[in-house]
Amino acid sequence: MRILVVDDEDSILVPLEFLLKKAGHQVVLARTGEEALEALSRGTFDLMVLDLMLPGMDGFAVLERAKALSQRPKVLVLTARGREADRAKALALGAEAFMAKPFGIQDLLSQVEELAGGR
């Protein structure tokens, strides 16, 4: 699976990239909402792992703009904003799944595989 990981924290990006590559996935990294949209416009992804708290354009805006793409990937929101209202808004904007930080590695990998199976 080709996965776009969007987070501004290297402490999240680097381990996620390692884990997902180790699981056999192709991984592209973006640190801002703008970088995420640019990557989405240049290529096709099966999944986007998206943080909500990004510098500049936040994850909600990325979700909103990604809806217009003809080849929109499935979206797993992975964020420290774990409030019920944030979950509801992300799902209403088209995210397929929502996980709050901190997260378990096995839980994340299981969620990625579940989303991959529904492709």
Side-chain angles (χ1 to χ4, degrees):
M1 200 167 46
R2 191 156 188 251
I3 302 173
L4 174 61
V5 179
V6 187
D7 201 301
D8 63 326
E9 296 179 41
D10 283 339
S11 63
I12 298 291
L13 279 177
V14 173
L16 276 182
E17 179 182 30
F18 175 79
L19 289 168
L20 293 170
K21 283 184 174 181
K22 187 175 178 186
H25 302 290
Q26 295 177 4
V27 180
V28 174
L29 304 178
R31 288 177 170 77
T32 66
E34 291 84 358
E35 285 180 17
L37 291 174
E38 183 178 323
L40 289 169
S41 72
R42 286 192 325 254
T44 302
F45 295 89
D46 302 298
L47 176 67
M48 176 169 50
V49 177
L50 177 65
D51 187 16
L52 294 178
M53 296 187 295
L54 299 168
M57 179 188 308
D58 71 8
F60 290 126
V62 173
L63 273 170
E64 185 69 38
R65 292 186 184 180
K67 285 197 309 189
L69 299 172
S70 60
Q71 295 291 320
R72 187 187 78 79
K74 290 186 177 184
V75 178
L76 166 60
V77 171
L78 183 64
T79 184
R81 291 179 62 167
R83 297 184 332 231
E84 186 176 341
D86 293 323
R87 175 187 301 270
K89 183 175 180 179
L91 295 174
L93 288 172
E96 282 75 21
F98 188 100
M99 291 183 72
K101 296 175 186 176
F103 57 91
I105 293 169
Q106 289 306 315
D107 289 340
L108 175 74
L109 292 175
S110 294
Q111 187 66 64
V112 167
E113 294 309 317
E114 183 178 317
L115 290 167
R119 262 233 131 335

- Message: Is there a side chain to side chain contact (heavy atoms under 4.5 Å, CB included) between Asp86 and Val77? Walk through the geometry before answering.
- Response: CA-CA 10 Å; Asp86 293 323; Val77 171; over 6 Å; no
- Please assess Phe18 against Val27 for the test side chain to side chain contact (heavy atoms under 4.5 Å, CB included), listing each intermediate value before the final yes or no. CA-CA 9 Å; Phe18 175 79; Val27 180; over 6 Å; no
- Item | Stepwise side chain to side chain contact (heavy atoms under 4.5 Å, CB included) check, Lys101 with Asp51 | CA-CA 10 Å; Lys101 296 175 186 176; Asp51 187 16; 3.6 Å; yes
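Contact of the Val6 side chain with the Met48 side chain is registered, since non-hydrogen atoms from C-beta on lie closer than 4.5 Å. Inter-residue side-chain proximity for Glu34 and Leu54 is flagged as unmet; no heavy-atom pair is nearer than 4.5 Å.
Note that CZ of Arg31 is 4.5 Å distant from CG of Asp10, once rounded to the nearest 0.5 Å. Atoms CZ and CG, on Arg65 and Leu37 in that order, are 6.5 Å from each other to the nearest 0.5 Å. From Asp7, atom CG reaches atom CG of Leu52 across 10.0 Å, with rounding to the nearest 0.5 Å. In this structure, CD on Glu114 lies 10.0 Å from CG on Leu76, to the nearest 0.5 angstrom.
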Residues 104-112, side-chain donor-acceptor partners within the protein, below 3.5 Å, at least two apart:
from, atom 1, to, atom 2, distance (Å)
Ser110, OG, Gln106, O, 2.9

I'd like a table of donor-acceptor pairs (distance under 3.5 Å, sequence neighbours excluded) in which one partner is a side-chain atom from residues 87-98, with atom names and distances.
from, atom 1, to, atom 2, distance (Å)
Glu96, OE1, Val75, N, 2.6
Glu96, OE2, Arg72, NH2, 2.8

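Both Leu19 and Leu47 are members of a single hydrophobic cluster when ILVMFWY side chains are connected at heavy-atom separations under 4.5 Å.
Of all heavy-atom pairs between Ile12 and Pro15, the closest is O-CD, 3.4 Å.
The main-chain N or O of Thr44 is found under 3.5 Å from a side-chain atom of Arg2 such that the two form a donor-acceptor pair.
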